[in-house]
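Worksheet: one structure, shown below.
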Amino acid sequence: MPEPKAVVTAAVSAAVSAAAATAAPVDVLVVGGGINGAGIARDLAGRGLGVVLVEQDDLAAHTSSASTKLVHGGLRYLEYYEFSLVRKALAEREVLLRAAPHIMRPLRFVMPHDPSMRPVWMIRAGLFLYDHLARRELLPGSQTVRLAEHPAGAALKPEFRKGFVYSDAWVDDARLVVLNAVDAAGRGARVFTRTRCTRVRSEGGLWHVELEGQGGAPAAPGAAITPSTLSARALVNATGPWAAQFLRGPAGKVGARALRLVKGSHIVVPKVFSHDHAYIFQNADGRIIFAIPYEGDFTLIGTTDVEWPGEAAAVRIDDDEIAYLCEQVSRYLARPVRPRDVVWSYSGVRPLIDDESGNPAAATRDYRLELTREAGAPLLSVWGGKITTFRKLAEEAGDEVCRALAQGGPAWTEGAPLPGGDLSAWVAPSGRPDTDLEHFAQALARRAPQVGAATLARWARSYGSLVNLILASGNPANLGKPGELGAEVAPGLHEAELRYLQEHEWARSADDVLWRRSKLGLHFTAAERKAVSDWWARHASEAIRVAGPVSSDVMPSRKRRARR
């Protein structure tokens, strides 16, 4: 496959209006900029298809940024005999750890044993299956521990004497979505955020689509939004909680499959333990709660499972959920967590397949792909799914679409790094993604000594080798030179990073930066968050510059990826 002349970034997509995308039919229109939509767009673009991705809000604005931030097999799913889903998810953990070591990391979980809950033999049997259902090279297996002798025991009540430790992984969920979109754009896809798909109709083997909004940029306050049109040979409905609503509304289909919408809420409190393990707590209602080290200074606690009858975009945590989460973790922790401790919370709606389970926690987290044809035009709808299995879902969706169109290359994403995940230009690969990232962070600190240590550590874990675009316009030789970063808008947040996010990652507001592409909003004061908002207010109307080619060590070419 030939080397691309340049990697197309968000700036290129934003510079092309939605109207310009209508000059000729595209191969595939993907509707929905969550993890499934971005993953499918990436997969199809890498197979050589012409792809347009549209998202009505920001990338990962809803469910895909409201997860528990885990790449996991789903230990509790074994109780519901979801062996196929668990096996698939366990296999994907290590695929994703290798693809994106900068936004993922291995994480050890401690389950204190409560004799009134599941018996020891059942837990050991479940952990044995968890260790052996799929091949495991990077993550250590499970073990039984005496909590009095383990670092995790100090934060627990003394009555918990025995525990079980096993492995999964942590992920920055919103950045995972954005990096899939960046890779899709780099392979030729056009990505339009703040663009709503208002109507679709099939005629003559094509989908004819009406869009509102402009690629990547919100309309000015009070300005009229001009509808645009686009034609596509295939349509992918990856709208998550809106999948059934999209079919009944813009697509005008009758009898669309029903989804079960379940609200999951999380709270963030000042950190309640100092070690690097996470906890999984069993509850009397049969559910489990995670308590996870988060952003250095905090602990993330979640999640709930509550039926949600309302509009997905309006989902919010309620007082009962906060009280429930605090009560459940306080059953285990020596220092109780109170509702007044909560410094931030978030909620999302999971679009689960309606399998008629009475308990929302028992509803399957697996996915289904449904391919139909309308007037000869293929329509692929995505039902359900979870972050851990997004790549596999996208690969299967890519296979379906390519068969329907009788074109496109083979599957390719297994073994292909996400943007920023190839660190080989910086460090010699060790075979351990977590070790490579440590070495990369050390190399970055040596190459950019003028930048603060905390900022460099955050950049290493957010951008990987994409940090070149922040520091030196893709030229590593200039890293750390005075003046490269511009003004420091808020502590550790410079203009160079804000402009990178604006030009390459579709950021269009302070919230896009503070709460999705980073979690700096947690660390900043109200005045510091306002400073970021003021910067966006001053620069939102500026023309977006089209970035030049990205160097090969930032985003590997197709030929380099193919050799992996």
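For the numbers below, each heavy atom of this structure counts, side chains included, while hydrogens, waters and symmetry mates do not. All figures in this text were calculated on a predicted structure; none of them were measured in a lab.
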Task: For Y294, ring-ring contact (aromatic ring centres under 6.0 Å, His included) partners two or more places apart - done: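 Applying ring-ring contact (aromatic ring centres under 6.0 Å, His included) to Y294 gives none.
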Task: Contacts of F298 that satisfy ring-ring contact (aromatic ring centres under 6.0 Å, His included) - sequence neighbours left out - done: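 For F298 the ring-ring contact (aromatic ring centres under 6.0 Å, His included) partners, ignoring immediate neighbours, are H523.
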Open item on the list: Taking the side chain as everything from C-beta on, heavy atoms only, tell me whether V268 gets closer than 4.5 Å to K519.
Closed with: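 Answer no - side chains too far apart.
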Open item on the list: Quick check: do V110 and I280 have side-chain heavy atoms less than 4.5 Å from each other?
Closed with: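 No. Closest side-chain heavy atoms not under 4.5 Å.
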Open item on the list: T239: which residues meet the side-chain contact (heavy atoms from CB on, under 4.5 Å) condition with it, sequence neighbours left out?
Closed with: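 Per chain and number, T239 pairs via side-chain contact (heavy atoms from CB on, under 4.5 Å) with V31, N237, W242, A243, F246.
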Open item on the list: Applying side-chain contact (heavy atoms from CB on, under 4.5 Å), can you list everything that pairs with V95, at least two apart in sequence or on another chain?
Closed with: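 E92, R391, E414.
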Side-chain ion pair, [X] and [Y], N-O less than 4.0 Å:
X	Y	answer
K88	D366	yes
R187	D183	yes
D512	R508	no

For residues 96-104, which side-chain donor-acceptor pairs fall under 3.5 Å, sequence neighbours excluded?
| residue | atom | partner | partner atom | Å |
| --- | --- | --- | --- | --- |
| R98 | NH2 | E137 | OE1 | 2.8 |
| H102 | NE2 | P419 | O | 2.9 |

Open item on the list: Could you check whether any side-chain N or O of D131 sits under 3.5 Å from a backbone N or O of F128, counting only pairs where one atom can act as donor and the other as acceptor?
Closed with: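 No.
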Open item on the list: Donor-acceptor check, side chain of Y130 to backbone of G73, threshold 3.5 angstrom: yes or no?
Closed with: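 Yes, the answer is positive, given that a donor and an acceptor are paired below the 3.5 Å cut-off.
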- [ ] Hey, can you tell me if H72 and Y77 have their rings parallel, tilted or perpendicular (30° and 60° cut-offs)?
- [x]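 Answer is tilted, since the angle falls between 30° and 60°.
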Task: Which atom of N36 lies closest to which atom of G384, heavy atoms considered - done: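 Reported closest heavy-atom pair: ND2-O, 3.5 Å.
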Open item on the list: Evaluate H150 against H277 for ring pair (Phe, Tyr, Trp, His ring centres under 6.0 Å), listing each step before the verdict.
Closed with: CA-CA 11 Å; H150 192 277; H277 286 50; 5.0 Å; yes
Task: Of all pairs that satisfy salt bridge (charged side-chain N to carboxylate O under 4.0 Å, His left out), the ones with a partner from residues 437-446, not counting sequence neighbours - done: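 Sorted pair list comes back empty.
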